[in-house]
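Written out below as structure tokens is the structure these notes cover.
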Amino acid sequence: MTNTLNPAAGGAPVADNAVLAEKAARVIPGGVNSPVRAFGSVGGTPRFLTGGRGAIVTDVEGNEYVDLIGAWGPALLGHAVPEVVDAVQRAAARGFGFGASVPEEAELAEAIIERVLEAERVRLVSTGTEATMTAIRIARGHTGRPLIIKFAGHYHGHSDGLLAAAGSGLATFGLPGSAGVTEATAAQTLVLDYNDLPALEEAFARHEGQIAAVITESAAANMGVLPPEPGFTEGLLRLAHANGALVITDEVLTGFRAGPGGYWGLEREAVQGGAAGAGAGADAGAGAGADAGGLRPDLFTFGKVIGGGLPIAAVAGRAELMNLLAPLGPVYQGGTLSGNPLAVTAGLTTLRAADAAAYERLTFAADTLAGEVSGALAEAGVAHRVQRAGTLMSVLFGDFDDAPRTYDDVLGQNVAQHRAFFHAMLDGGVHLPPSPFETWFVSAAHDEAILSRIAEALPSAARAAARA
Ligand code: PLP
């Protein structure tokens with residue numbers, strides 16, 4: 001067998017996306033190691049990337065694209081950020097991991113706590129899936145109750161109990177849930193409509209004393225971006241706590257991306273009735289106000305940005321709950337790769353570099369892009385909605401009389417228009433998420449020059465959508 005990528009190993013280098021896609025499909029199910037990377041809903045050939053710098057990625061054929069996937073979230077500052085690369089290289093030279101603690105683990109935990117003071121203790125894991133799985137185990141361990149409530153269209157990773165109506169990955173492929181999940185496991189997750197407090201109240205009444213936790217994306221971003229309606233988070237916290245259940249706020253995607261303190265950082269003051277006095281100025285939303293009001297999520301999950309592109313995620317929350325984890329308490333959780341020094345270094349350096357100026361650049365990029373996409377689609381007569389939550393944005397194709405509130409509201413999108421738009425943008429040098437249910441990820445490296453490259457591609461993509 002020849003090695004197609006390494007001429008030194010005897011094969012000629014292959015610089016053809018289609019050939020590599022065929023090769024991958026022969027040895028990897030669907031040719032991808034995570035379903036959303038496949039071009040399942042848009043068709044065509046996925047691009048095989050050789051690298052990225054700032055807001056630009058390059059494929060094996062030498063084509064450059066403006067990247068709006070952002071590694072599905074981690075690339076907050078752009079790709080191959082020199083100070084992050086330097087720090088990781090220095091850490092790598094010291095060794096890849098020792099199965100013993102390294103000093104930087106506590107520093108990363110502190111950096112998270114500085115941004116979300118309600119997160120009094122932090123346990124590092126390797127993926128968002130592990131983080132939500134662990135949060136649920138803590139909730140069950142604390143309450144002694146079996147049931148979990150999640151909202152339709154929210155994605156919390158691929159653990160068995162959380163795969164029902166789980167948003168983008170499943171929606172892209174038209175799947176209601178996953179085969180291989182037992183009925184007994186599925187029955188322990190109640191799936192409710194997002195933004196529906198009466199349904200939540202009814203579920204608590206019907207399953208009195210049985211619900212351990214409600215898990216929610218702090219702003220839904222795996223069915224397009226759907227922020228909670230005003231009053232929803234407050235109502236959810238009140239109802240859950242009145243019924244003895246915990247609230248797990250999943251900030252794996254939104255954490256330190258929607259804003260410096262995650263989406264909870266943007267919502268805290270409104271939820272706590274303005275009593276919290278969240279920080280002012282450039283740091284607004286980060287950290288401040290944790291003790292006021294008392295209304296707060298019990299557990300948080302983080303991922304993506306906190307690893308800066310390497311595998312780190314975290315579960316965090318009130319000390320009393322977090323200290324249930326082994327070795328202090330009876331809830332077991334562990335991991336060979338947890339707190340890996342390279343990943344911790346990448347995350348810590350990223351968070352330290354994500355200062356007020358970086359969030360200003362992210363806001364500018366998201367605002368500018370949202371305006372330009374909307375303008376181009378309107379000009380071409382394409383019905384759409386641009387959805388926002390802090391610096392997060394997504395584009396829904398179709399007629400929406402009102403702001404969508406639930407998963408059902410977004411399922412009827414015009415997929416054909418998205419497909420045509422996606423391919424025209426790709427031809428125009430912009431790498432968009434290959435699904436209409438995904439967030440578009442800008443970075444602090446999406447400056448005016450990059451944004452004008454996107455703007456140039458937009459009119460013909462909008463016309464392609466109009467023709468579809
Ligand atoms: N939670 C949310 C909100 C996510 O968006 C994701 C991944 O996209 C996860 C959890 C799972 O994270 P991971 O893919 O690292 O397992």
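Start at 1 and go down the list; that is how both ligands and their atoms are numbered.
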Could I get the full list of salt bridge (charged side-chain N to carboxylate O under 4.0 Å, His left out) partners for Arg405, not counting sequence neighbours?
-> Glu229
How far apart are the closest heavy atoms of Ala343 and Pro311, and which atoms are they?
-> CB-O, 3.6 Å
Partner set under salt bridge (charged side-chain N to carboxylate O under 4.0 Å, His left out) for Asp298, not counting sequence neighbours = Arg318
For ligand 1, what are the residues with a heavy-atom contact below 4.0 Å?
-> Thr127, Gly128, Thr129, Tyr155, His156, Gly157, Glu217, Asn222, Asp250, Val252, Leu253, Lys304
Do other residues, nucleotides or ligands put more than 12 heavy atoms under 6.0 Å from Phe98 CZ?
-> yes
Is it true that the NZ or CZ of Arg115 lies under 6.0 Å from the centre of Phe256's six-membered ring and within 45 degrees of the ring axis?
-> yes
Residues two or more places apart in sequence or in another chain: which of them pass salt bridge (charged side-chain N to carboxylate O under 4.0 Å, His left out) with Asp367?
-> Arg388
